[in-house]
Amino acid sequence: MAEEQHLIFDEEQPERYVYDMDETKHEVALSTKDLQVFYGDKLALQDADLKFERYKITSLIGASGSGKSTFLRSLNRMNDSVATVNGNIMYRGLDINSQDIDVYEMRKHIGMVFQRPNPFAKSISDNITFALKQHGMRDKQQLDEIVETSLRQAALWDEVKDDLGKSALSLSGGQQQRLVIARAIAMNPDILLMDEPSSALDPISSAKIEDTLMQLKEKYTIIIVTHNMQQAARISDYTAFFNSGKLVEYDLTRKIFTRPKVQLTIDYVNGNFG
Ligand SMILES: Nc1ncnc2c1ncn2[C@@H]1O[C@H](COP(=O)(O)OP(=O)(O)OP(=O)(O)O)[C@@H](O)[C@H]1O
Ligand SMILES: [Mg+2]
């Protein structure tokens, strides 16, 4: 393994801005400036500037192909091998889109949960401890504690506490997705990126994921792509609407859904689109 290079984030001082949204002070966990993504010659995302408030949920909405996943995946450098990503992604005083960032180290701070639950073919507890052990954590008691706290935070503990040695693949889809969330939390991240985390799930499992996210925002900043507008309206504090690779409008969720400013957004949230 390459020698670990520590990123020097200014832990004390997240960026501070005054939003023009409602004139109050907001702590910014992550922000993008002129973020632009090309797949080959194709411009898939144009100059997106966004500021994500700490301990809030921000939803990214828009039609299929509008660039939501492209934007989200760029935030923790998941697009590096398939796309050219220009612009700045500021996190605790560092531009994490710059070439000299240790991407693996950065991803401990900015984790990702995908649409399809992707647990490892290992036991429930091994799913959570695997990466920690890779990083050299050996203390059994400490590992057990992290398993329990992560599963509790992901609202899965009560369902699996007597079966931690059971294969993760024997869990239901909704349980697997909460396990994957627990696995992400175990790394003690700051920001969780989620790409349609409940779209492959039944309504009850999806509601559980929503409840889980509402709890998680006490400790994490969450950025979530969703196709489900009711979900965006229910769970998110802020909403960003994308169309054809452009960020069209970004505001408090209640404003986006009750009095958006841009005609395209009005049409989209009212379902008169395309
Ligand atoms: N790996 C890739 N290579 C080439 N083009 C891509 C790639 N990934 C996405 N695109 C293109 O970039 C554009 C934006 O895609 P993206 O996946 O970001 O949309 P999305 O808003 O997430 O859509 P969906 O709601 O269907 O998931 C689309 O035109 C898509 O075809
Ligand atoms: Mg997508």
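One-based numbering, in listed order, for ligands and for the atoms of each.
Not one N/O/S atom of Thr70, from backbone or side chain, sits under 2.8 Å from the Mg ion (ligand 2).
The shortest contact between atom 30 (C) of ligand 1 and any protein heavy atom is with Lys42 CE, 4.6 Å. Atom 26 (O) of ligand 1 has its closest protein heavy atom at Ser64 OG, 2.6 Å. Residue, atom and distance of the protein heavy atom nearest to atom 18 (O) of ligand 1 are Thr70 OG1, 2.5 Å. Looking at atom 27 (O) of ligand 1, its nearest protein heavy atom turns out to be Glu196 OE2, 3.7 Å. Nearest protein neighbour of atom 17 (O) of ligand 1, counting heavy atoms only, is Ser69 CB, 3.9 Å. Considering only non-hydrogen protein atoms, atom 28 (C) of ligand 1 sits nearest to Gly65 O, 3.9 Å. Of all protein heavy atoms, the one closest to atom 21 (O) of ligand 1 is Lys68 NZ, 2.8 Å.
For the pair Arg183 and Phe120, the cation-pi criterion (under 6.0 Å, within 45° of the ring axis) is fulfilled.
We find that Lys68 and Glu196 are not joined by a salt bridge, their nearest charged nitrogen and carboxylate oxygen being 4.0 Å or further apart.
Taking the centre of each ring, Phe71 and Phe242 come in below the 6.0 Å mark. For an aromatic pair to be called close, the ring centres must be under 6.0 Å apart, and Phe241 with Tyr268 satisfies this.
There is a protein heavy atom closer than 4.0 angstrom to atom 15 (O) of ligand 1.
Residue-level proximity to ligand 1 for Ala63 is carried by the backbone, the only part with a heavy atom below 4.0 angstrom.
Checking Tyr39, Phe38, Phe242 against atom 1 (N) of ligand 1, the nearest heavy atom belongs to Tyr39.
In terms of modelled atom types and a separation under 3.5 Å, the side chain of Ser31 and the main chain of Leu50 share no donor-acceptor contact.
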